[in-house]
Amino acid sequence: MNVVHSAPEMRQLSRHWQMSGETVALVPTMGALHEGHLALVTAASREASRVVVSIFVNPTQFGPSEDFDRYPRDLDTDLRSLAGLKVDAVWVPSVSGMYPSGFQTSVELARLPNHLCGLSRTCHFGGVALVVAKLFGVVRPDIAVFGLKDFQQVRVIERMAADLDLGVRILRHPTVRETDGLAMSSRNRYLSPGDRAIAPALYATLRSVGAKVALGATDSAQLIAEGRSALESAGFTVEYLNMCDPDTLDDVSNVDHLVLVIAAVRLGVTRLIDNLIAVPGAIPQTAHPAP
Ligand code: PAF
């Protein structure tokens, strides 16, 4: 497993593989790797002959009051967790390598970020789009794999890759969960034991909304009100619970077709997000098909 720090070295390695007829899959991460990330890496290794994992805590996607400084960083532990997997290179760029002095480019999307998490995290998706565009620019992957817990992020990256003709196939990976249903996340480690006991109620509530849709409920305002009240009773502070079109992320008022049920909540200092696809007349799904 090559551990690469510089962009030119990473570019050369990837180009060398592709010139030799191989395909390259990229798994972008911010480190603090957990089983969810490892599942993305395993999926990547099924899709391409070479796998690159990037580890970079990207400052441009954190707001001024967010957890950039305290975001967990432990490269040695991350490298150890990747050691048993098929990983050909781990690219660990530095902040000054990614954003050298004089840097002034931004990547903005007109509509997808104006929903859901983008309303409270106003610079977040611009920062994600920018860093992912740079990662793609260096590695030039054939495939890139992203987890669907961050559904809005996946839609932003899919849109950006299509709009900019980046020539990369975006592979959606189902959310990986703990046995009690909590979506795996690097931020789960911030949860106190008491909050950790409450946290699975987020997914349970989304499932209950999905089950009502499956049984024929169509009024999203009522479903959202019931879901919010269940989340608040469980102990969450609700940032949003929405039902929206899984492609545009626009709100859906009458649920007569497949709908994304998506929420962001807080437990103490920890912000949790989760989602599922609900289908009228069908059991809720977490493995979202591409639109
Ligand atoms: O999902 C993440 O870990 C990050 O947002 C990503 C895609 C690696 C960009 O920094």
Side-chain angles (χ1 to χ4, degrees), residues 4 7 10 25-41 43-44 51-63 66-75 77-78 81-82 87 89-95 97-99 103 105-109 112-113 116-118 120-139 141 143-161 164 166 168-177 183-190 262 264 270-275 288:
V4 178
M10 185 64 247
L26 173 65
V27 182
T29 81
M30 297 203 301
L33 302 181
H34 51 67
E35 290 296 326
H37 293 112
L38 305 188
L40 304 184
V41 173
V51 175
V52 177
V53 176
S54 63
I55 298 181
F56 179 62
V57 184
N58 171 39
T60 64
Q61 69 187 75
F62 289 79
E66 293 183 355
D67 56 347
F68 175 70
D69 288 332
R70 70 187 178 104
Y71 198 86
R73 295 164 172 85
D74 184 349
L75 183 59
T77 305
D78 286 344
S81 32
L82 293 173
V87 177
V90 182
W91 180 28
V92 191
S94 64
V95 173
M98 289 295 266
Y99 302 114
F103 191 95
T105 299
S106 59
V107 178
E108 300 297 337
L109 287 85
L112 285 168
L116 308 170
C117 292
S120 62
R121 307 187 72 194
T122 48
C123 66
H124 177 67
F125 290 110
V128 168
L130 175 62
V131 78
V132 172
K134 283 184 62 80
L135 297 170
F136 286 178
V138 172
V139 178
I143 296 156
V145 190
F146 296 88
L148 280 166
K149 175 177 72 65
D150 299 296
F151 192 94
Q152 189 172 11
Q153 167 170 283
V154 173
R155 284 299 301 127
V156 163
I157 292 165
E158 287 173 339
R159 188 73 260 164
M160 176 202 61
L164 299 182
L166 297 183
V168 51
R169 177 161 71 90
I170 307 300
L171 188 71
R172 298 174 159 206
H173 193 283
T175 301
V176 180
R177 300 183 179 280
M184 290 193 186
S185 163
S186 304
R187 290 186 169 103
N188 289 350
R189 65 186 72 189
Y190 299 152
I262 184 164
T270 313
R271 185 173 182 276
L272 302 176
I273 57 173
D274 205 347
N275 66 84
H288 316 287

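First listed ligand is number 1; within each ligand, the first listed atom is number 1. Treat the numbers as computed from the prediction; the structure is a model and nothing was measured. What's counted below: heavy atoms across the whole structure, side chains too, no hydrogens, waters or symmetry copies.
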side-chain contact (heavy atoms from CB on, under 4.5 Å) between T29 and V27, intermediate numbers included: CA-CA 6 Å; T29 81; V27 182; 4.0 Å; yes
Verdict with supporting geometry, F146 and V132, side-chain contact (heavy atoms from CB on, under 4.5 Å): CA-CA 11 Å; F146 296 88; V132 172; 4.1 Å; yes
Pick out the protein N or O atoms lying less than 3.5 Å from any N or O of ligand 1, and list each pair with its distance.
from, atom 1, to, atom 2, distance (Å)
ligand 1, 1 (O), Q153, NE2, 2.8
ligand 1, 5 (O), Q61, NE2, 2.9
ligand 1, 5 (O), Q153, OE1, 2.7
ligand 1, 10 (O), Q61, OE1, 2.6

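- Considering only residues two or more places apart in sequence or on other chains, Y190 meets the side chain to side chain donor-acceptor pair (under 3.5 Å) condition with D67.
- A salt bridge is defined here as a Lys NZ or Arg NE, NH1 or NH2 lying under 4.0 Å from an Asp or Glu carboxylate O, and R177 with D274 meets this definition.
- Taking a cutoff of 4.0 Å between a charged side-chain nitrogen and a carboxylate oxygen, E158 and R172 qualify as a salt bridge.
- F56 does not carry R73 over the face of its six-membered ring by the limits of under 6.0 Å from the centre and within 45° of the normal.
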